[in-house]
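Structure first, then comments.
Residue indices begin at 1 and follow the sequence shown. All ligand and atom numbering here is 1-based and tracks the order in the structure.
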Amino acid sequence: MTVKSYPKYLINFLNSHYSMDPFEKFNHWYGKEQLKNKTNFSSACCLSTIGLDGYPNARFVSLKRASNDFFIITGPLNSMKGHEISNIPKVALTFWWSHTKKQVRIQGGVSWLIPDLADEFFQKRSRKSQIISCVSKQGYLLNEKNKFSKRINDFSKLYINKQIPRPKSWGGFLIRPTRFEFLSFSSDRYHDRLVYILNGTQWNKFYIQP
Ligand SMILES: Cc1cc2nc3c(=O)[nH]c(=O)nc-3n(C[C@H](O)[C@H](O)[C@H](O)COP(=O)(O)O)c2cc1C
């Protein structure tokens with residue numbers, strides 16, 4: 001159901017009662033989960049793209065930044081997800097936070113991260129991750145694991161005591177949400193579901209049935 005199906009007075013009433021914008025709400029929930037969940041996996045989320053074959057394609061990634069108007073995911077741009085996003089720059093991000101029993105669903109448009117920001121994120125990665133990102137062509141066939149491990153070792157030796165430059169094909173995806181759904185899970189199925197939809201520059205908020 002779209003927001004247009006709701007009467008205007010209801011939308012105005014609901015808007016006046018819930019003043020947090022969706023980014024504030026996201027960061028509030030995310031912060032609460034991080035406090036309870038000591039594993040560092042609260043950044044894990046499911047990134048769904050529209051496959052080149054028309055099927056949805058989904059995989060877990062790590063949220064690298066949640067700002068007040070966008071989200072950042074990093075990884076190889078020449079990967080399957082990179083090709084799919086180039087083809088149709090629309091994605092969904094889904095979080096399940098088990099310690100606080102919250103689900104957040106986000107849909108939005110995507111653009112590439114500017115090179116300076118990609119450099120910044122690349123330099124923050126562990127050395128091992130940087131090396132793998134340089135050597136591996138994510139998603140390509142792996143014929144001989146031994147040879148691959150040798151290439152990783154050779155690369156590490158080549159860059160010993162040197163800064164590893166970001167490969168041009170490694171970057172990030174900047175997601176600008178147009179829809180959020182915040183679900184508080186209830187074991188009796190009476191979930192609380194709050195939706196935000198971007199309408200021009202305004203966020204319309206409304207509840208939907210569990
Ligand atoms: C918890 C978790 C976090 C991950 N984080 C990332 C990430 O931030 N970026 C990334 O490219 N792949 C990440 N991966 C690997 C992806 O799930 C996936 O294998 C990879 O991105 C290739 O997907 P693609 O072939 O559809 O492009 C992560 C996997 C897991 C399980």
Side-chain angles (χ1 to χ4, degrees), residues 23 26-27 29-67 69-145 148-149 151-152 155 164-177 180 185:
F23 295 94
F26 179 92
N27 284 311
W29 276 20
Y30 190 25
K32 277 181 150 178
E33 175 70 16
Q34 283 171 316
L35 276 180
K36 286 197 172 184
N37 182 348
K38 304 292 177 204
T39 64
N40 254 349
F41 281 116
S42 27
S43 65
C45 51
C46 180
L47 171 73
S48 306
T49 45
I50 301 161
L52 301 178
D53 54 7
Y55 284 93
N57 201 4
R59 78 289 285 157
F60 280 91
V61 291
S62 314
L63 179 70
K64 294 296 180 337
R65 184 171 293 170
S67 93
D69 53 4
F70 58 80
F71 293 93
I72 291 176
I73 304 292
T74 60
L77 304 176
N78 55 357
S79 58
M80 184 52 82
K81 66 185 139 345
H83 293 309
E84 290 168 347
I85 289 170
S86 287
N87 188 40
I88 303 181
K90 291 179 177 175
V91 296
L93 273 185
T94 313
F95 295 82
W96 165 241
W97 288 319
S98 59
H99 289 67
T100 46
K101 295 192 170 58
K102 308 281 193 199
Q103 173 184 261
V104 182
R105 297 165 63 182
I106 295 165
Q107 293 174 324
V110 196
S111 55
W112 301 144
L113 215 56
I114 57 163
D116 282 1
L117 257 183
D119 285 339
E120 189 187 314
F121 281 106
F122 189 76
Q123 289 313 324
K124 276 195 218 152
R125 287 164 74 74
S126 70
R127 211 168 161 80
K128 183 85 193 265
S129 307
Q130 289 178 340
I131 292 168
I132 307 276
S133 295
C134 291
V135 175
S136 171
K137 284 187 170 177
Q138 195 178 60
Y140 282 62
L141 207 62
L142 178 61
N143 280 322
E144 293 177 71
K145 211 165 178 184
F148 185 72
S149 302
R151 282 178 50 216
I152 291 173
F155 190 94
I164 300 173
R166 172 179 65 86
K168 289 262 175 301
S169 57
W170 193 95
F173 309 102
L174 191 142
I175 299 162
R176 287 196 186 276
F180 285 81
F185 181 83

- [ ] Please check if a non-hydrogen protein atom sits closer than 4.0 Å to atom 26 (O) of ligand 1.
- [x] yes
Task: Student check: side-chain heavy atoms of Trp96 and Lys101 closer than 4.5 Å - done: yes
Open item on the list: List ligand 1 atoms under 4.0 Å from Lys64, heavy atoms only on the residue side.
Closed with: 8 (O)
Task: Closest protein heavy atom (residue, atom, distance) for atom 20 (C) of ligand 1 - done: Gln138 NE2, 3.4 Å
Open item on the list: Whether the Arg166 and Ser133 side chains hold a donor-acceptor pair (N or O, under 3.5 Å, no angle test) is what I'd like checked.
Closed with: no
Open item on the list: Give me the residue, atom name and distance of the protein heavy atom closest to atom 18 (C) of ligand 1.
Closed with: Arg59 CG, 3.8 Å
Open item on the list: Could you check whether any side-chain heavy atom of Cys134 comes within less than 4.5 Å of a side-chain heavy atom of Trp170, counting everything from C-beta outward?
Closed with: no
Task: Distance-only donor-acceptor check, side chains Thr100 and Lys32, under 3.5 Å - done: no
Open item on the list: Need the ligand 1 atom indices (1-based, order shown) with element for anything under 4.0 Å from a heavy-atom of Pro76.
Closed with: 11 (O)
- [ ] Just let me know how Thr49 lines up against ligand 1, side chain, backbone, both or neither, with a heavy-atom cut-off below 4.0 Å.
- [x] neither
TODO: Assess whether side chain to side chain contact (heavy atoms under 4.5 Å, CB included) is satisfied between Phe71 and Leu63, documenting all intermediate values.
DONE: CA-CA 7 Å; Phe71 293 93; Leu63 179 70; 3.7 Å; yes
TODO: Pull out every atom of ligand 1 sitting under 4.0 Å from any heavy atom of Ser79, numbered as shown with elements.
DONE: 27 (O)
Open item on the list: Against the six-membered ring of Phe121, is Lys124 placed for a cation-pi contact (under 6.0 Å from the centre, within 45° of the normal)?
Closed with: yes
Open item on the list: Quick one, Val104 and Glu33 - any side-chain contact, counting heavy atoms below 4.5 Å?
Closed with: no
- [ ] Note the single closest protein heavy atom to atom 21 (O) of ligand 1, along with its residue, its atom name and the distance in Å.
- [x] Lys81 NZ, 2.9 Å
Open item on the list: Please tell me whether Ser126 and Lys128 have a donor and an acceptor in their side chains that are separated by less than 3.5 angstrom.
Closed with: no
TODO: Just need the protein heavy atom nearest to atom 8 (O) of ligand 1, so name the residue and atom and give the distance.
DONE: Ser62 N, 3.1 Å
Open item on the list: Counting non-hydrogen protein atoms only, what is the nearest one to atom 13 (C) of ligand 1? Give residue, atom name and distance.
Closed with: Phe60 O, 3.7 Å
Open item on the list: Just to check, does Ser43 reach to within less than 4.0 Å of ligand 1 when the distance is taken from its heavy atoms?
Closed with: no
Open item on the list: Please give me the minimum heavy-atom distance between Thr49 and Arg59, naming the atom from each residue.
Closed with: OG1-NH1, 3.0 Å
Task: Which of the ligand 1 atoms, numbered from 1, are nearer than 4.0 Å to a heavy atom of Met80 - done: 24 (P), 25 (O), 26 (O), 27 (O)
Task: Residue, atom name and distance, where the atom is the protein heavy atom closest to atom 1 (C) of ligand 1 - done: Ala44 CB, 4.0 Å
Open item on the list: Just to be sure I read this right, does ligand 1 sit under 4.0 Å from the backbone of Glu84, its side chain, both, or neither, counting only heavy atoms?
Closed with: neither
TODO: Measure the distance from atom 10 (C) of ligand 1 to every protein heavy atom, then report the residue, atom name and distance (to 0.1 Å) of the closest one.
DONE: Thr74 O, 3.8 Å
Task: Atoms in ligand 1 flagged as close to Gly75, the criterion being non-hydrogen separation under 4.0 Å - done: 11 (O)
- [ ] Specify the protein heavy atom at minimum distance from atom 6 (C) of ligand 1: its residue, its atom name, and the distance to 0.1 Å.
- [x] Val61 CA, 3.5 Å
Task: Closest non-hydrogen atom pair, Ser86 against Trp112 - done: OG-CZ2, 3.1 Å
Task: Which atom of Trp29 lies closest to which atom of Gln103, heavy atoms considered - done: CZ3-O, 3.9 Å
